[in-house]
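So the structure is just underneath, and the comments pick up after that.
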Amino acid sequence: MATDCPLLVWMLSLNRDVRLTLSPQEYDKCFHLVQDCVPHARLPYQPTSIDSFRQLICHMLPLLMMRHRRISRAKWKDCVTSNGKHWIEQSPDDMPPEKFLQSMIGYHLAYDNSLCGMVMTQGRQRQVINIGLGIKQISVEPKGVSVAAYAESFAHKLTPLEMTFLNPELGDEVVLRRLSILLSLKAAYIKAVGQSTAFDWSRLEFNIPSESARGDDHPLQGWEFRVFKAQLGVQRMGGVMLEESYQCACAFFRGTKESKFIWHDNAKDLEAWVQFINIDQMVKVIPKLRA
């Protein structure tokens, strides 16, 4: 079982409006770093695409994490399962065989709007690959649409029971937060098991009040779900600082008898296992990530 595998999360905020402030030089530095050090990413060169930049930043997070552990890029390789689950295998040189077996790092990358993230854990390969991260901005899209209409637009991804948690009478704030929790949990689980984006989300059901989950009407057993919120300050046009809220969820298969939900309601709860950085800090250390 993976009961001894600790979870760690890296969150990177696009703390300035990159649509206006991202320079060609910054994009090129990120692109060539990923091209050279993360060859499996195979991202096209799209310097005017903000989504392309988000993807580049996400693929840089494992490089940052390994650099933080003082492990040079030449000392590890990125591996992948047949269904797209990634793990990092370190060089066995100067490492006892048992330690080597326990040194595999499973990870998953995700992003939404101004927040890019990575969840990771370390242990044996079979223990660490079933890990996923879901990120959902707590806001309506497009702006101006009612919360009730926005929630209804996701009805095809939810079960009838889940829709009862989104009763408009609860108020816009509650409905939007609950919707974001459900969607981030489903995204985290779907990615943890290596399913594609075409997966039918309504096959999953998260009963938040009872802290239980089902897939195809069978209990999901052995999972740990961590739920937390991230608050970002993002500088927009004219130097105006706006606050954005994101609902985040981690899904990790521990192999225990029952599934467990862990709710983190304040920033202090996150300090031990969630690391926040911003785009300027990442760009500054790019030369070191090649080492």
Pairwise distance CG(N113) to CD(E244) - rounded to 0.5 angstrom: 5.0 Å

Mind listing the closest non-hydrogen atom pair of V175 and P168 along with its distance? CG2-CA, 4.3 Å

Given K85 and V80, is the side chain to side chain contact (heavy atoms under 4.5 Å, CB included) satisfied, shown in steps? CA-CA 5 Å; K85 297 301 300 171; V80 63; 5.8 Å; no

Would you mind reporting whether D280 and R16 have side-chain heavy atoms less than 4.5 Å apart? yes

Side-chain donor/acceptor of Y27 to backbone N/O of Q46, under 3.5 Å: yes

Shortest non-hydrogen contact between A213 and F261, atoms and distance: CB-CZ, 4.3 Å

Could you check whether W263 and E211, counting side-chain N and O atoms only, form a donor-acceptor pair closer than 3.5 Å? yes

Might you point out which heavy atoms bring E224 and L7 nearest each other, and give the distance in Å? OE2-CD1, 3.7 Å

Smallest separation among heavy atoms of E89 and C79, with atom names: CB-SG, 4.0 Å

Would you kindly say whether T81 and N83 are connected by a side-chain donor-acceptor distance under 3.5 Å? yes

Closer than 3.5 angstrom, by distance alone: can the side chain of K136 be matched with the main-chain N or O of R177 as a donor-acceptor pair? no

Does the side chain of D51 pick up a donor-acceptor pair with the side chain of S49 at under 3.5 Å? no

Looking at W223, is its backbone amide N or carbonyl O close enough to the side chain of R254 to form a donor-acceptor pair, meaning the two atoms are under 3.5 Å apart? no

Distance-only donor-acceptor check, side chains Q137 and D112, under 3.5 Å: no

Report the C-alpha separation of K75 and D93 in whole Å, then their side-chain angles, then the decisive distance to 0.1 Å, and conclude whether the side chain to side chain contact (heavy atoms under 4.5 Å, CB included) test is met. CA-CA 9 Å; K75 290 287 188 178; D93 298 345; 4.1 Å; yes

Measure the spacing between CZ of R226 and CD1 of I262 and express it to the nearest 0.5 Å. 4.5 Å

Hydrophobic cluster membership, W87 vs I131, 4.5 Å side-chain cutoff: no

For L289 and C37: C-alpha separation, side-chain torsions, deciding distance, then whether side chain to side chain contact (heavy atoms under 4.5 Å, CB included) applies. CA-CA 9 Å; L289 301 186; C37 299; over 6 Å; no

The single option from Q281, M11, Q231, E271 that satisfies side chain to side chain contact (heavy atoms under 4.5 Å, CB included) with F276 is M11

Relative to the ring of F154, is the ring of Y150 parallel (under 30°), tilted (30 to 60°) or perpendicular (over 60°)? perpendicular

Just by distance, do the side chain of Q122 and the backbone of P6 share a donor-acceptor pair under 3.5 Å? no

I'd like to know if R214 pairs up with D217 as an ion pair, taking the criterion as any Lys NZ or Arg NE/NH1/NH2 lying under 4.0 Å from an Asp or Glu carboxylate oxygen. yes

Measure the shortest side-chain to side-chain distance between Q90 and M95 over non-hydrogen atoms and say whether it is less than 4.5 angstrom. yes

Report yes if some heavy atom in the side chain of K191 is under 4.5 Å from a heavy atom in the side chain of T197; otherwise report no. yes

In terms of hydrophobic clustering (I, L, V, M, F, W, Y; side-chain heavy atoms under 4.5 Å; direct or indirect links), are F253 and L109 co-clustered? no

Could you walk me through whether F228 and W273 pass the ring-ring contact (aromatic ring centres under 6.0 Å, His included) test, one step at a time? CA-CA 12 Å; F228 64 97; W273 65 286; 5.3 Å; yes

Quick one, V18 and I50 - any side-chain contact, counting heavy atoms below 4.5 Å? yes

Regarding R69 and the six-membered ring of W76, is the cationic atom NZ or CZ under 6.0 Å from the ring centre and inside 45° of its axis? no

Just verifying a value: how many Å separate H86 NE2 and I129 CD1, rounded to the nearest 0.5 Å? 11.5 Å

For L176 and V147, the nearest pair of non-hydrogen atoms, with its separation, is N-CG1, 4.2 Å

Non-hydrogen side-chain atoms of L14 and F53 separated by less than 4.5 Å: yes

d(R73 CZ, D36 CG) to nearest 0.5 Å is 10.5 Å

Say you draw a straight line from OG of S146 to CD of E152; how long is it, rounded to the nearest 0.5 Å? 10.0 Å

Is L63 close to L61 at the side-chain level, that is, under 4.5 Å between some pair of heavy atoms? no

Should we say atom CD of E98 is surrounded by more than 12 heavy atoms from elsewhere, each under 6.0 Å from it? yes

Tell me, do Y246 and S114 make a side-chain contact under 4.5 Å, heavy atoms counted? yes

Keeping N130 on the side-chain end and A192 on the backbone end, is there a donor-acceptor pair under 3.5 Å? yes

Please check if atom NE2 in H68 has more than 12 non-hydrogen atoms from other residues, nucleotides or ligands closer than 6.0 Å. no

Answer yes or no: is there a side-chain heavy-atom contact under 4.5 Å between R124 and Q102? yes

Electrostatic pair K143-E141, nearest N-O below 4.0 angstrom: no

Tell me whether K186 contacts the main-chain N or O of G134 through its side chain, where contact means a donor paired with an acceptor under 3.5 Å. no

Please check if I57 and V285 belong to a single hydrophobic cluster, counting links between Ile, Leu, Val, Met, Phe, Trp and Tyr side chain heavy atoms closer than 4.5 Å. yes

With a 4.0 Å cut-off on N to O distance, would you call K157 and D200 a salt bridge? no

For I105 and T121, what are the C-alpha separation, side-chain angles and deciding distance, and is it a side chain to side chain contact (heavy atoms under 4.5 Å, CB included)? CA-CA 6 Å; I105 298 174; T121 190; over 6 Å; no

Could you tell me how the ring of F225 sits relative to the ring of F206: parallel (under 30°), tilted (30 to 60°) or perpendicular (over 60°)? perpendicular

So, does S245 use its side chain to make a donor-acceptor pair with the main chain of I138 at under 3.5 Å? no

Does a side chain donor of either S184 or Q247 reach within less than 3.5 Å of an acceptor in the other side chain? no

Taking it one step at a time, do N15 and S13 satisfy side chain to side chain donor-acceptor pair (under 3.5 Å)? CA-CA 5 Å; N15 58 305; S13 67; 4.5 Å; no

Among L158, L182, L183, which residue meets the side chain to side chain contact (heavy atoms under 4.5 Å, CB included) test with W201? L183

Taking H218's backbone N and O only, do any of them form a donor-acceptor pair with D216's side chain (distance below 3.5 Å, no angle check)? no

From E205 CD over to N207 CG, what is the distance, rounded to the nearest 0.5 angstrom? 6.5 Å

Would you check if the side chain of K229 reaches a backbone N or O of H264 as a donor-acceptor pair within less than 3.5 Å? no

Non-hydrogen atoms of C250 and V9 that approach each other most closely: SG-CG2, 3.8 Å

Tell me whether Y189 is reachable from Y107 by hopping between hydrophobic residues (I, L, V, M, F, W, Y) whose side-chain heavy atoms are closer than 4.5 Å. no

Cluster overlap L56 with M66, hydrophobic side-chain contacts below 4.5 Å: yes

